[in-house]
Amino acid sequence: MVSCLLGHDFEGSFAMEPEIKEDFIAEAPSHEHRKPEYKIGIKPVEEGIVIDHIATGEPIEKIWNNIEAVRKILKLNVRSSHGVYHSFKGPEVYKGIISLPDIISFGEKDLKKLAAIAPGCTLNLIRDSRVAKKYRLSMPPRIYGFEEISCKNENCVSNPGKNEGVVTEFRRKSGSTFICRYCEKEHNFRDIWDI
Amino acid sequence: MERNGPFKGRTIAVVNDLSLDEQRYLYRKTRQLKEAARTGGDLKPFKIDDRNYQVYLIFMEDSTRTRESFRNAAKFLGCRTNMFDTATSSFNKNESITDAIKMLYGYSTDSCFILRTKLEGVCRWLQDALGRYAEVSGGPVPGFINGGDGKHEHPTQEFLDEFSFLEQRSWNEDHIHLALTGDLYHGRTVHSKADGLRVFKHVEVDLIAPELLSMPPYYVDKMKANGYEVRIFESLDEYLASGKVAPIWYFTRLQMERMGEAVLERAPYLRRSVTFRKDMLGLLPEGARFYHPLPRDRENPTNPTATGLGLSRSAWYHAS
């Protein structure tokens with residue numbers, strides 16, 4: 001079949017790659033008239049970026065871990081602050097916030113990376129003490145091409161130890177489960193990252 | 001015969017790389033070839049007979065059955081064939097397989113690579129990498145066929161199994177009731193049934209294995225998601241007492257070499273649970289058939305009564 005000798009009398013559907021919708025970054029209304037509420041325990045930002053709703057609803061330890069993952073992977077080694085705070089979603093619901101007064105722009109690649117580390121978070125661009133732009137980031141359908149990710153199956157062709165130069169790629173299966181494009185091993189999205 | 005069919009440059013890394021329609025087409029063509037060979041009919045339409053078409057057989061781990069199926073098929077098809085195996089090639093040196101394949105690709109105008117390795121996902125990667133390479137170099141896109149990649153997949157074996165089931169069902173795709181037994185935990189051939197059996201419209205699968213050798217939940221869930229009716233049993237005795245026994249049985253070898261010591265200590269019990277005894281014969285439905293992908297364990301086969309002639313013969317037609 002693959003030599004193309006056969007197939008002239010084939011009728012039916014060919015195998016198709018599944019369609020991937022890349023709509024996991026959405027710009028949300030920024031309510032310019034309101035001042036941002038990042039005040040309790042965190043210095044209000046006049047100009048800069050605030051990453052909000054990190055790991056909302058998770059146990060507190062996991063929220064701290066997620067904050068740490070965001071900082072490490074995005075290399076946020078700048079003047080900044082962060083913390084775990086109450087969420088407005090309920091009395092026992094917590095969330096993480098990172099405030100970055102020195103960063104005024106955020107590239108698309110970093111935005112995609114952030115979505116893949118902390119899905120569900122929002123990124124707020126603050127100008128003149130107000131939210132000028134807000135992005136809601138949801139779980140991406142694919143996580144690929146970042147240096148900080150790898151397949152954890154040591155027999156996989158894409159495993160860094162195999163040195164085949166494979167560009168690592170994961171596709172979302174359902175919920176927070178991703179599968180390696182090559183060996184199809186399932187990973188929770190947090191295990192994809194090498195930190 | 002002119003080679004300009006619609007499957008040019010296709011890679012078969014996993015079962016689902018062929019759509020259900022394509023799988024059915026493959027089974028139909030295999031059936032035609034088998035029939036022509038059996039009755040002394042014209043085999044020419046099935047032969048490539050082109051020395052410019054290069055088949056590379058790259059066997060980085062030993063596998064007598066798969067290697068011989070493909071080698072004989074390539075010989076029958078009449079294409080140029082090169083074999084690389086662990087004994088005679090440098091493939092197992094610390095060399096990049098991607099680079100080695102790029103080099104081989106450069107030597108021929110039209111090629112197909114058949115790989116058997118421990119490197120899981122290697123065919124999908126080579127499809128990506130050589131696809132880009134072919135685009136840049138302006139050459140034809142090479143095809144890759146997975147002849148088994150570690151614990152991941154062995155799609156051509158799955159196609160062969162389904163062909164055998166269809167043959168036994170007189171090509172009726174409406175329904176199959178199948179018992180899978182033996183080492184359902186390690187057995188790649190039973191895992192791939194979760195995809196391969198989709199060729200049947202209504203699937204009933206009975207999984208028979210003690211808990212230590214049971215089918216991983218991932219595959220059970222996949223079977224259920226594909227609409228199969230799944231029943232689970234701990235031993236053949238329990239299964240045969242259930243009152244509803246499948247007419248098709250698929251046995252696999254207990255892969256003791258891959259088990260830990262705690263499991264090995266219980267080996268006699270595990271074997272007993274999934275080994276068919278002669279006194280069970282009377283409990284089978286009329287016309288029941290046993291299948292085993294072979295090879296069986298020399299000392300303790302789970303099915304001492306089966307013969308493998310049918311499967312290896314079909315494997316040859318299929319690989320062709």
Side-chain angles (χ1 to χ4, degrees), chain A residues 1-20 141-147 149-189 191-192, chain B residues 1-14 16-26 28-29 32-33 45-50 53 55 77 79 94 96-99 110-112 117-126 128-129 140 142-145 149-153 218:
Chain A
M1 259 165 85
V2 297
S3 76
C4 298
L5 179 70
L6 303 177
H8 300 91
D9 52 347
F10 172 74
E11 287 175 1
S13 306
F14 291 105
M16 303 278 276
E17 279 263 322
E19 199 186 331
I20 295 173
R142 282 198 295 172
I143 302 179
Y144 64 102
F146 300 133
E147 277 174 22
I149 59 169
S150 66
C151 177
K152 303 303 180 277
N153 172 8
E154 59 184 31
N155 296 317
C156 177
V157 67
S158 78
N159 187 284
K162 301 293 180 201
N163 293 313
E164 291 289 343
V166 179
V167 179
T168 308
E169 178 173 337
F170 292 93
R171 293 189 177 185
R172 189 179 174 199
K173 189 185 165 207
S174 59
S176 58
T177 305
F178 281 75
I179 59 169
C180 169
R181 166 159 169 78
Y182 303 102
C183 74
E184 302 187 300
K185 187 182 167 58
E186 288 192 4
H187 292 64
N188 181 282
F189 83 99
D191 301 329
I192 288 172
Chain B
M1 193 168 166
E2 205 177 347
R3 290 190 295 107
N4 56 2
F7 303 109
K8 189 151 191 66
R10 283 288 283 273
T11 282
I12 301 171
V14 298
N16 287 337
D17 280 344
L18 293 186
S19 69
L20 284 181
D21 285 338
E22 289 168 346
Q23 289 171 33
R24 291 189 178 111
Y25 179 78
L26 170 68
R28 199 168 80 232
K29 287 289 155 191
Q32 287 169 5
L33 169 59
F46 296 97
K47 293 193 181 221
I48 294 172
D49 278 335
D50 183 353
Y53 190 74
V55 172
L77 292 170
C79 28
N94 201 17
S96 154
I97 188 166
T98 314
D99 291 348
D110 203 358
S111 46
C112 175
T117 78
K118 283 194 174 74
L119 215 47
E120 297 174 21
V122 69
C123 284
R124 177 72 70 236
W125 160 244
L126 291 172
D128 285 358
F144 296 91
I145 296 178
D149 58 343
K151 289 197 280 289
H152 181 218
E153 282 232 15
Y218 170 77

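For clarity, every value in this text was computed on a predicted model and none was experimentally measured. By convention in this document, chain letters (A, B, ...) are assigned in the order of the sequence lines, proteins followed by strands, and residues within each chain are numbered from 1.
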Looking only at heavy atoms and a cut-off of under 4.5 Å, which of Y25(B), Y218(B), Y53(B) has the most pairs with chain A?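 Sorted descending by pairs with chain A, the first entry is Y25(B).
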Top contributor to chain A interface from D128(B), D17(B), N16(B) [non-hydrogen pairs under 4.5 Å]: D128(B)
Which portion of [X] sits near chain A, non-hydrogen atoms under 4.5 angstrom:
| X | answer |
| --- | --- |
| V14(B) | side chain |
| R24(B) | neither |
| D50(B) | neither |
| L126(B) | neither |
| K29(B) | side chain |

Mind checking the [atom1]-[atom2] spacing from [X] to [Y]? Nearest 0.5 Å is all I need.
| X | Y | atom1 | atom2 | value |
| --- | --- | --- | --- | --- |
| L6(A) | Q32(B) | CG | CD | 9.0 Å |
| N153(A) | E120(B) | CG | CD | 4.5 Å |
| S13(A) | E22(B) | OG | CD | 8.5 Å |
| C180(A) | R124(B) | SG | CZ | 10.5 Å |

Pick from V122(B), L119(B), I97(B): which one makes a side chain to side chain contact (heavy atoms under 4.5 Å, CB included) with K162(A)? L119(B)
I'd like to check E184(A) versus E153(B) (side-chain heavy atoms, cut-off strictly below 4.5 Å). Are they in contact?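 Contact flag for E184(A)/E153(B) side chains = yes.
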How close do [X] and [Y] get, heavy atom to heavy atom, and via which atoms?
| X | Y | result |
| --- | --- | --- |
| N155(A) | K151(B) | ND2-NZ, 4.1 Å |
| D21(B) | G12(A) | OD2-CA, 3.3 Å |
| G7(A) | F7(B) | CA-CE1, 3.6 Å |
| C183(A) | H152(B) | O-CD2, 3.2 Å |

More than 12 foreign heavy atoms under 6.0 Å from NZ of K152(A): is that the case here? yes
Under a 4.5 Å heavy-atom cutoff, which of E164(A), K185(A), E169(A) has the most pairs with chain B? E164(A)
